[in-house]
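Reviewing the structure listed below.
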Number of protein chains: 2
Amino acid sequence: MADGTTERVRPRDRILETAQDMFHKHGIKGVGVDAITEAAGTNKMTLYRHFESKDDLIIECLRATACKAAAIWDAFEAEYPGDKLAQLHAWVRKAADMLNADSRGCDMANAAIELSETDHPARRVIKELKEAQRDRLVALCRDAGVGQAELLADTLSLLLEGARVSMQSVGAEGPSAQFVRMAEGLIASFRAR
Amino acid sequence: MADGTTERVRPRDRILETAQDMFHKHGIKGVGVDAITEAAGTNKMTLYRHFESKDDLIIECLRATACKAAAIWDAFEAEYPGDKLAQLHAWVRKAADMLNADSRGCDMANAAIELSETDHPARRVIKELKEAQRDRLVALCRDAGVGQAELLADTLSLLLEGARVSMQSVGAEGPSAQFVRMAEGLIASFRAR
DNA sequence: CTAGGGTGTTACCGGTCTGTAACTTTAGCG
DNA sequence: CGCTAAAGTTACAGACCGGTAACACCCTAG
């Protein structure tokens, strides 16, 4: 009780934060609600008072991580106000940094793979959030003055998605090591047109 | 013998085939050994007489799918003997075909994501098999007369890997729809250098 | 025909999972 | 202070999981 961190934050927020972390590290099907509540310093009943089900918790976690990702995007605009091309390069750099710092990839993509049931409630949420991120990257490419902005944005998307999954199957020394070179080369190539 | 109507496939092979299919469709953690044996028309005891554990079965399934993938590669050489550039384009076409025909992506990548335990026995197998595929694609690019063959091969790898996972999170109308255009554009770009 | 190995069947073990019920304790607040 | 709502505790239900034991069967090789 001396440490205020576990006491100050509401149980719901502690559960959400802990669940995000554990889902990310061990996968959704790799962690049970008991483990989450224990790590969050609470209990199962409290979890089920705040979330309808584990699926509901999963969805809330995905929304929360997407929210954090959006904050990172906002930071680009704050760092290079108006300079969309600089923001695009910052996006590449940030993506590479996150690749190096964490080898578990994208929570939404991982969830889509784990939750193979086509009617899983999290699927439509994943699609929504991913489409929003795609729209944002397309807008960034377009505003950076790139012709064929959609194609560049989609190519960068696939490259990053591929790098994140390649990281997990062959490690950091695999193809993902060249991500920055690939991305920068693509941007230069599209701008030259 | 020579009785084609009742093709008696050995239980081990039936189990292996069925497990590959079910792991692919529902994920590794999404299907139990009971479901596999039932679908294979046998029982759990027989499975454990042929495989040490579920983990062992997983590994054998991955090896089997990698073997099938290798056969597809061999088909390229058979179809365009000696013409490595044609084989590379065939690789792109085949990859796109498989993307359209099946939305569950690569078994090895999916397994790497599902089996988040860093010391899981399947992990080293996945890495081996993926590295072999990478080597093969690098060799194909090099023999096709492309400068910077490694970089092209790695870029194509990431694009395909990304397309397969994007397919599962945002669907076929997402960025993965442009895979062929991206890949062909890249090959042309690398060859022009 | 017989022996034996591969196979099928049933039952079971110990553990884990999501989710719920009933009750007690705590914390905030007028 | 006392009231109330939130949170903690314990126990449990019902299903599923990977894995094993014991035993009956059947097909074929010798």
Side-chain angles (χ1 to χ4, degrees), chain A residues 1-20 22-23 25-62 111 114-117 119-123, chain B residues 1-20 22-23 25-62 111 114-117 119-123:
Chain A
M1 65 195 323
D3 182 28
T5 52
T6 36
E7 294 287 323
R8 300 252 150 167
V9 185
R10 302 306 261 181
R12 186 182 195 281
D13 297 325
R14 270 160 31 208
I15 291 171
L16 207 55
E17 204 71 27
T18 308
Q20 281 179 72
M22 297 185 73
F23 284 153
K25 284 182 188 157
H26 313 296
I28 290 175
K29 295 192 180 175
V31 52
V33 291
D34 272 317
I36 294 172
T37 55
E38 188 186 356
T42 176
N43 55 73
K44 196 157 49 171
M45 273 313 302
T46 300
L47 185 151
Y48 279 103
R49 286 191 189 105
H50 288 289
F51 303 94
E52 284 185 4
S53 61
K54 185 184 179 181
D55 284 348
D56 185 36
L57 174 62
I58 292 168
I59 291 174
E60 292 305 313
C61 283
L62 292 175
E114 272 199 277
L115 308 175
S116 54
E117 309 96 317
D119 60 341
H120 195 287
R123 290 207 144 265
Chain B
M1 48 169 60
D3 186 14
T5 52
T6 49
E7 42 190 339
R8 293 193 82 179
V9 184
R10 302 313 262 182
R12 187 182 194 279
D13 297 325
R14 280 176 1 226
I15 291 171
L16 205 55
E17 204 71 26
T18 308
Q20 280 178 72
M22 297 186 73
F23 283 153
K25 283 182 188 155
H26 312 297
I28 290 175
K29 295 192 179 176
V31 53
V33 291
D34 272 317
I36 294 173
T37 55
E38 188 185 357
T42 178
N43 55 73
K44 198 157 49 171
M45 271 313 302
T46 300
L47 186 150
Y48 281 104
R49 287 188 189 109
H50 289 288
F51 303 95
E52 284 186 5
S53 61
K54 185 184 180 182
D55 284 348
D56 185 35
L57 175 62
I58 293 168
I59 291 174
E60 292 306 311
C61 283
L62 292 175
E114 273 199 276
L115 308 175
S116 55
E117 309 96 316
D119 60 342
H120 194 287
R123 292 208 142 264

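Note on naming: letters A, B, ... go to the chains in the order of the sequence lines (proteins, then strands), and numbering restarts at 1 for each one.
- Spacing between atom CZ of Arg14(A) and atom C1' of dA6(D) amounts to 12 Å, rounded to whole angstrom units.
- Closest of all the heavy-atom pairs between Val9(A) and Arg14(A) is O-NH1, 3.3 Å.
- A straight line from CG of Asp34(A) to C1' of dG8(D) spans 14 Å, rounded to a whole angstrom.
- At least one side-chain heavy atom of Leu57(A) sits less than 4.5 Å from a side-chain heavy atom of Ile15(A).
- Atom CG of Leu115(A) is separated from atom C1' of dT18(C) by 15 Å (rounded to the nearest Å).
- To the nearest 0.5 Å, atom NE2 of residue His50(B) and atom OG1 of residue Thr42(B) are 7.5 Å apart.
- If you take CZ of Arg49(A) and P of dT24(C), they are 14 Å apart, rounded to a whole angstrom.
- Rounded to whole Å, atom P of dT20(D) lies 15 Å from atom CZ of Phe51(B).
- With dG8(C), dT18(C), dT20(D) as the candidates, the nucleotide lying closest to the side chain of Tyr48(A) is dT18(C).
- Applying the 6.0 Å contact sphere to CD of Glu117(B) captures more than 12 heavy atoms from other residues, nucleotides or ligands.
- dG19(C) atom P lies 10 Å from atom CD of Glu52(A), rounded to whole Å.
- Contact check, Thr46(B) against dG8(C): a side-chain N or O comes under 4.0 Å of OP1 or OP2.
- Comparing dT18(C), dT9(D), dG8(C) against the side chain of Asn43(A) picks out dT9(D) as the nearest.
- Of the side-chain N and O atoms in Thr42(B), none sit less than 4.0 angstrom from OP1 or OP2 of dT7(C).
- Atom CE of Met45(A) sits about 11.5 Å away from atom OG1 of Thr37(A), to the nearest 0.5 Å.
- Within 3.5 Å, no donor on the side chain of Arg10(B) pairs with an acceptor on the base of dG6(C), nor the reverse.
- Atom pair Leu47(A):CG and dT20(C):C1' shows a separation of 13 Å (rounding to whole Å applied).
- Residues Gly27(A) and Ser116(B) approach most closely at N-OG, 4.3 Å, considering heavy atoms.
- With hydrogens and angles left out, the side chain of Arg12(B) and the base of dG6(C) share no donor-acceptor pair within 3.5 Å.
- Nearest heavy atom pair, residue Ala111(A) against residue Ile28(A), reads CB-CD1, 3.6 Å.
- Per the geometry, CG belonging to Asp55(A) stands 12 Å off C1' belonging to dG19(C), to the nearest Å.
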Along nucleotides 11-16 of chain C, 5' to 3', which nucleotides get a B, which get an S, and which get a -, given that the test is a protein heavy-atom distance under 4.0 Å? ------
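- For dA6(D), the OP1/OP2 oxygens have no side-chain nitrogen or oxygen of His50(A) closer than 4.0 Å.
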